[in-house]
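A short worksheet on the structure shown next.
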2 protein chains.
Amino acid sequence: MDLEAVRTFVAVVEAGQFQKAAIDLSVTQQAVSKRIATLERDLCVRLFTRTQRGAELTIDGQAFLPRARELLRVAERALASVHPGSRPLRVDVLNSRGAASGLMRGFHRAHPEIDLDVVMLFEIETAVTAIRSGAIDASFRAVAAPGRPLPEDIESVRVLDEPLQLLTGPAHALAGARSVTVAQLAGHRIWMPGIVPGTEWAAYYDDLVAEFGLTIEATGPNFGSDALLDTIADTPTLATFMGEHTRLIWPAGHGLRRIPVTDPMPVYPHSLLWHRDNPHPALATLRAHLAATVAGHDAAGSWTPDWAAPH
Amino acid sequence: MDLEAVRTFVAVVEAGQFQKAAIDLSVTQQAVSKRIATLERDLCVRLFTRTQRGAELTIDGQAFLPRARELLRVAERALASVHPGSRPLRVDVLNSRGAASGLMRGFHRAHPEIDLDVVMLFEIETAVTAIRSGAIDASFRAVAAPGRPLPEDIESVRVLDEPLQLLTGPAHALAGARSVTVAQLAGHRIWMPGIVPGTEWAAYYDDLVAEFGLTIEATGPNFGSDALLDTIADTPTLATFMGEHTRLIWPAGHGLRRIPVTDPMPVYPHSLLWHRDNPHPALATLRAHLAATVAGHDAAGSWTPDWAAPH
DNA sequence: CTTAGTGAACAACGGATCGTTGTGAGGAGC
DNA sequence: GCTCCTCACAACGATCCGTTGTTCACTAAG
């Protein structure tokens, strides 16, 4: 099925006859006839009944028409998604199931008319470069990792303090606890294979380890969230950290437990980063939406690294 | 932009390298390279960064990927919409703003997983032929016009009795009435240019005219609903009938009035028609949905033609 | 340092496709 | 019967597409 043929099909429907459609498309009537014939051959159905005064849709053609229009619309949007100028707002998130993703879903619900593209970069340097070049419009990050202050032309605002929770399998020693203190975690193995050295969230966990004497293992290949959950569920001695807003998808029966952590409650500081001079109109809308909907977290009793001082 | 190129793009993303994608697609690596190069030229952006171990998505590529996948999904569904076998449920309605259309919207809300195609045929004979041939799965009609009983292999069930309302402009003599009786309408001109002779709704209005001595004019070309509403709004001597559930879209300020008709209340009998042997699984779901959600109308005080005796 | 292996791009060739011109069939209106 | 209008079929030329053959860049092993 060729998009050009689909476009021709819609043109014939709108013109009512092959001849006019040919003029609209700046080709000959014979070319239109051929394209429609090819499309009909590809679909194995007759789309028009040819009459003396033009072409009328068959029932199959009527059923196909809205699909064809949708196809062209989607193709149009796909094209727009990579075109500079007034392309969709392009936002970078840490991963597709994290808190930032949830914030973007909320934004999309509040402003369904704004076209969005979500991408995932890994390092904050990459993100900053992309923001500077205009390749992306905004990024959710934990800003200002130690020794690496944000450049002057990049602005940021704290949008979410996300408490961490402990994730354990049903056989874990802490599985029955309603909440655990950081001190209680000192002897346990915490496994986070997804962590990428050099990123700002690696720095976050490094600080957490250093301050409270935890044992976090980032060893082993990262086979993705599913494999991690499988292992956690089956292993009584392993646990992992997970943001409170992280959306998990696991098979029923795993018996995984999410346990709040207290004394202090470790919170992950999400900020929105953007370029000072970015003119994208939807960027202002996003910032206004986040400012309006995201409630600040109570700083008392919670912990963040020094470099991410509470606002 | 070529669909085959988009398919190749997704294949490369999934394979991680051109070579593997080429094997998956049963073409040579050079062909894949060319297709991607052509796509990148069409889009004016680089989609992959070529490395020694394959190809990685650029930011533009990441943004384009979900659009590409959607495009292929929509193309798949467009193809399925004309393929016999397990194609979408195809239902015929009288017009896109009528009561049947509203019923189908309700069905879609209740069963969003069921793929639907809505078409519009004009004559009940066409609809019956289409139902018999399997070209459509069901049709909303007023069944059993006089002298034309339904064939034995077509089944039907009454699904909605829709009261008619009078639609007038602000200057019409009846514009201020909260309701009008059929007897009051006797002297007024009622204009229904959309009516098509030979259809079962033409028969309905013929009976209405004959029984109550009304004046219904079906003359003049039908320029569509918008033109009809414009004329009605501006003309103090013209009115028209409209189903209670018909969705009207008119510019603000027209001052159109919808006035219930009583003594008796003319109701239009909508039935669902389908073929006895149609095996489409969604057809049973539709029938069950309609049976469950559509409340019967009180027959007392209402009027339908003799040939559409109340259930 | 050399050599084998891997992954992608460039060049050239043969076949298929696409759009064009030219022509014919089939009705509707005068 | 004539013209006008519609669309379909045939033949030809240009373009596009995929293939084979080859080169380039880089990595890993000896």
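Labels below follow one simple rule: chain letters A, B, ... track the order of the sequence lines, proteins then strands, and each chain is numbered from 1.
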Opening and closing nucleotides of DNA chain D in contact with chain B, under 4.0 Å to non-hydrogen atoms | dG18(D) to dC26(D)
Please identify each residue that fulfils side chain to side chain contact (heavy atoms under 4.5 Å, CB included) with Leu283(A), with sequence neighbours left out.
-> Leu89(A), Ala138(A), Trp274(A), Asn278(A), His280(A), Arg287(A)
By side chain to side chain contact (heavy atoms under 4.5 Å, CB included), Ala127(B) pairs with (sequence neighbours left out) Asp92(B), Leu121(B), Ser139(B), Arg141(B)
Report the residues that fulfil side chain to side chain contact (heavy atoms under 4.5 Å, CB included) with Ser81(B), sequence neighbours left out, ordered by chain and then residue number.
-> Phe64(A), Arg67(A), Pro88(B), Asp117(B)
How about Tyr268(B) and Phe241(B): are their ring centres within less than 6.0 Å of each other?
-> no
Starting at the 5' end of nucleotides 14-30 of chain C, put B wherever the base has a protein heavy atom under 4.0 Å, S where only the sugar-phosphate does, and a dash everywhere else.
-> -----BBBBB---S---
Identified side chain to side chain contact (heavy atoms under 4.5 Å, CB included) counterpart of Arg87(A) within the set Asp137(A), Leu79(A), Asp115(A) = Asp137(A)
Answer yes or no: is there a side-chain heavy-atom contact under 4.5 Å between Leu57(A) and Leu65(A)?
-> yes
For Val45(B) against Val82(A), the heavy-atom pair lying closest together | CG1-O, 3.5 Å
Not counting sequence neighbours, which residues clear salt bridge (Lys or Arg N to Asp or Glu O under 4.0 Å) with Asp153(B)? List them please.
-> Arg132(B)
At under 4.0 Å between heavy atoms, what does Ala55(B) touch on the DNA or RNA strands: base, sugar-phosphate, or nothing?
-> sugar-phosphate
Tell me: CD of Gln19(B) to P of dG5(C), nearest whole Å?
-> 15 Å
